[in-house]
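Order of listing sets the numbers, starting from 1, for every ligand and every atom in it.
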Amino acid sequence: MKRRIFIQRAALGSVGVSVGAAILACAETKKENTAAIVAKGNGKIALPVVIATWDVKRATEKAWKSLQEGKSALDAIIDGCGVEEANAEGQSVGIGGLPDREGRVTLDACVMNENGDYGAVVCMEHIKHPIAVAKKVMEETPHVLLAAVGAEEFAVSKGFKRENLLTDASRKAWEEWKKTSKYKPIINIENHDTIGMLAVDKNGNISGGCTTSGLAYKMSGRVGDSAIIGAGLFVDNEIGAATATGLGEEVLKTVGSFLIVELMRQGKTPQEACEEAVKRVINKSPNFEDFQVGYIAVNKKGETGAYSIHEGFMTTTYQGGRNEAVHPDFYNKK
Ligand code: GLY
């Protein structure tokens, strides 16, 4: 996965249409698709489905395969996100993530499962798979969120290996940034910073996960939205799930993922709900031209949606045996 990706906007144009294409593909590739088919409107939605922020086809493929092997939606997400966390060339999650302004790589991640259980770590150093540690927090502690040294020590006690997560490439980028930045973090609108992934298994059970190194060159101790439930991720197994990417401060202020799930509860499609959540951010932030926020969502039937403030956001959907990354629709079109 490259940090800077400019892929031609897919002719299909929107995730909604892309899902339609996936559905057609599904009909043509029945052999590959052993999933249940749930009738919906004038089409058919294939379960299982995996959807993630950004162009992370290797990650969604891994998650899809884990689902086909009979793993739970949550374990599939841990496996899928783990692909990118272990990718030292990626500079947004896990090893190789861009550091804070002191040069420390600090990671945030969370998971939420079909039972509404939640686990998270924030500001954790030296452990490249924070999403797997978040699951351990959820399953093996009486708490839901561990921070910093406590999270790291917990991870080590569970067998995770301490590693230097600052790669040469990320160290060089940080050193370059220090020359001119005056310690201002980079708030960009075209590069991604977070992998959020949602999965619905063949029985319609939903889980989600979100993992990030956060805002590049952030202040020491800064925590964004990704590990904060309701902001970076929310799952309600009766309704659906949503997850976010982009400037965490803005997602936190509008509790975007919870909002999307609640809007779906009120009858909005995943696409409509993502669009409304982005509009809430825009309405509250006069400087919305200067940052990116993007959401993805899925409902219980496997319908998906995605929307962002700016062009450049991508989402990958693996559904009906087809793994496809597209640029979703976006707000700031003109
Ligand atoms: N969305 C990731 C962060 O702001 O930390």
Ligand 1 atoms in contact with Ser226 (distance to a heavy atom under 4.0 Å): 1 (N), 2 (C)
Interfacing atoms of ligand 1 (cut-off 4.0 Å, heavy-atom, Gly246): 1 (N), 2 (C), 3 (C), 4 (O)
Linked, directly or transitively: Val200 and Leu263 (ILVMFWY side chains, under 4.5 Å): no
Backbone or side-chain N or O of Glu249 under 3.5 Å from ligand 1 N or O: no
Any N/O pair Leu247/ligand 1 closer than 3.5 Å: no
Min N/O separation Gly248 to ligand 1 under 3.5 Å: yes
Distance-only polar pair, side chains of His126 and Glu152, donor-acceptor under 3.5 Å: yes
Ring pair (Phe, Tyr, Trp, His ring centres under 6.0 Å) contacts in which one or both residues fall within residues 229-271, not counting sequence neighbours: Phe234-Phe258
Distance from atom 2 (C) of ligand 1 to nearest protein heavy atom, with residue and atom: Thr194 OG1, 3.1 Å
Numbered atoms of ligand 1 (with element) below 4.0 Å of Gly224, judged on heavy atoms: 5 (O)
Pair Ser207, Asn113: side-chain N/O donor-acceptor within cut-off below 3.5 Å: no
Under-4.0 Å salt bridge between Glu276 and Arg280: yes
Proximity to ligand 1 by part of Arg222, non-hydrogen separation under 4.0 Å: side chain
Pairs flagged by salt bridge (Lys or Arg N to Asp or Glu O under 4.0 Å) wherever residues 60-74 is involved - sequence neighbours left out: Glu61-Lys65, Lys71-Asp79
